[in-house]
Amino acid sequence: VQVGARCYGASDILGLPACSDINPGAFHLILTHQIALKNEGFVADVERGNEVWNQPVIGYESQVAAPVRDESGGARTQVKTKLYYVDELEVSQWDPVVGTDKQTVSTRDLEYWIETDARGNITGGEWITTKDHPDFVWKLSKPIEFTGDFLQLKRLTRTAR
């Protein structure tokens with residue numbers, strides 16, 4: 001399941017706009033529901049631009065300003081979020097690194113507006129951080145079933161947990 005799309009830079013490839021990245025309202029909902037409510041991470045393309053850098057998102061801290069109400073009863077709220085994600089290793093290795101001093105966690109500071117309707121439901125948003133926000137986020141909808149030549153991976157994934 002993917003929300004948002006890859007940013008292709010200044011060009012218009014395959015009839016897509018140059019950047020159709022994730023709306024900050026959708027991003028905030030996914031972030032809060034996956035991490036805070038479900039205690040599950042997800043993957044984000046943390047580098048906006050032509051290259052894709054998929055990183056596992058593992059946490060966040062948000063500061064939420066007081067909402068600014070509009071005439072319809074809706075509101076705009078400024079949010080500052082520190083995104084925590086697992087970064088690639090400097091030296092590849094076969095040993096597990098999760099929970100060890102070899103695990104590298106990086107952060108990204110994001111700033112955005114969240115728009116809500118009169119009932120407080122998030123309806124959209126706008127990035128304040130225009131350069132360094134995620135293009136898209138994704139998560140497997142169900143676990144991968146290893147078969148055929150990859151059958152032995154099932155055993156490895158069970159023992160790695």
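Residue numbers start at 1 and run along the sequence shown.
- Counting only heavy atoms from C-beta outward, the side chains of Asp117 and Ile122 never approach each other to under 4.5 Å.
- Partners of Trp113 according to the ring pair (Phe, Tyr, Trp, His ring centres under 6.0 Å) rule, which considers only residues two or more places apart in sequence or in another chain, do not exist here.
- There is no side-chain donor-acceptor pair under 3.5 Å between Ser106 and Tyr84.
- In this structure, the separation between CD1 on Ile114 and CD on Glu126 is 12.5 Å, given to the nearest 0.5 Å.
- Contact between Ala44 and Val57 at its shortest, heavy atoms only, is CB-CG2, 3.7 Å.
- Counting heavy atoms from C-beta outward, Leu31 and Phe42 have side chains that approach closer than 4.5 Å.
- Put simply, CD on Glu40 and NZ on Lys139 are 3.5 Å apart, with the number rounded to the nearest 0.5 Å.
- Considering all non-hydrogen atoms of both residues, Thr129 and Glu111 come closest at OG1-N, 2.6 Å.
- Taken from CD1 in Ile30 to NE2 in His28, the straight-line distance is 11.5 Å, to the nearest 0.5 Å.
- Side-chain contact between Ile58 and Val86 is present, with at least one heavy-atom pair separated by less than 4.5 Å.
- Taking the six-membered ring for Trp and thresholds of 30 and 60 degrees, Phe27 and Trp127 have ring planes inclined between 30 and 60 degrees apart.
- Annotation: the span from Thr32 atom OG1 to Leu37 atom CG amounts to 6.5 Å, rounded to 0.5 Å.
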Could you go through the side-chain contact (heavy atoms from CB on, under 4.5 Å) check for Lys80 and Leu110 one step at a time? CA-CA 6 Å; Lys80 293 180 181 180; Leu110 305 171; over 6 Å; no

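- In this structure, Lys82 NZ and Thr107 OG1 are separated by 4.0 Å, a value rounded to the nearest 0.5 Å.
- Taking 4.5 Å as the limit, some side-chain heavy atom of Gln78 sits within range of a side-chain heavy atom of Ile128.
- Taking 4.5 Å as the limit, some side-chain heavy atom of Tyr85 sits within range of a side-chain heavy atom of Arg108.
- One finds the OG1 atom of Thr116 at 8.0 Å from the CG atom of Asp70 (value rounded to the nearest 0.5 Å).
- Across all non-hydrogen atoms, the minimal contact from Pro24 to Gly125 is CG-C, 3.4 Å.
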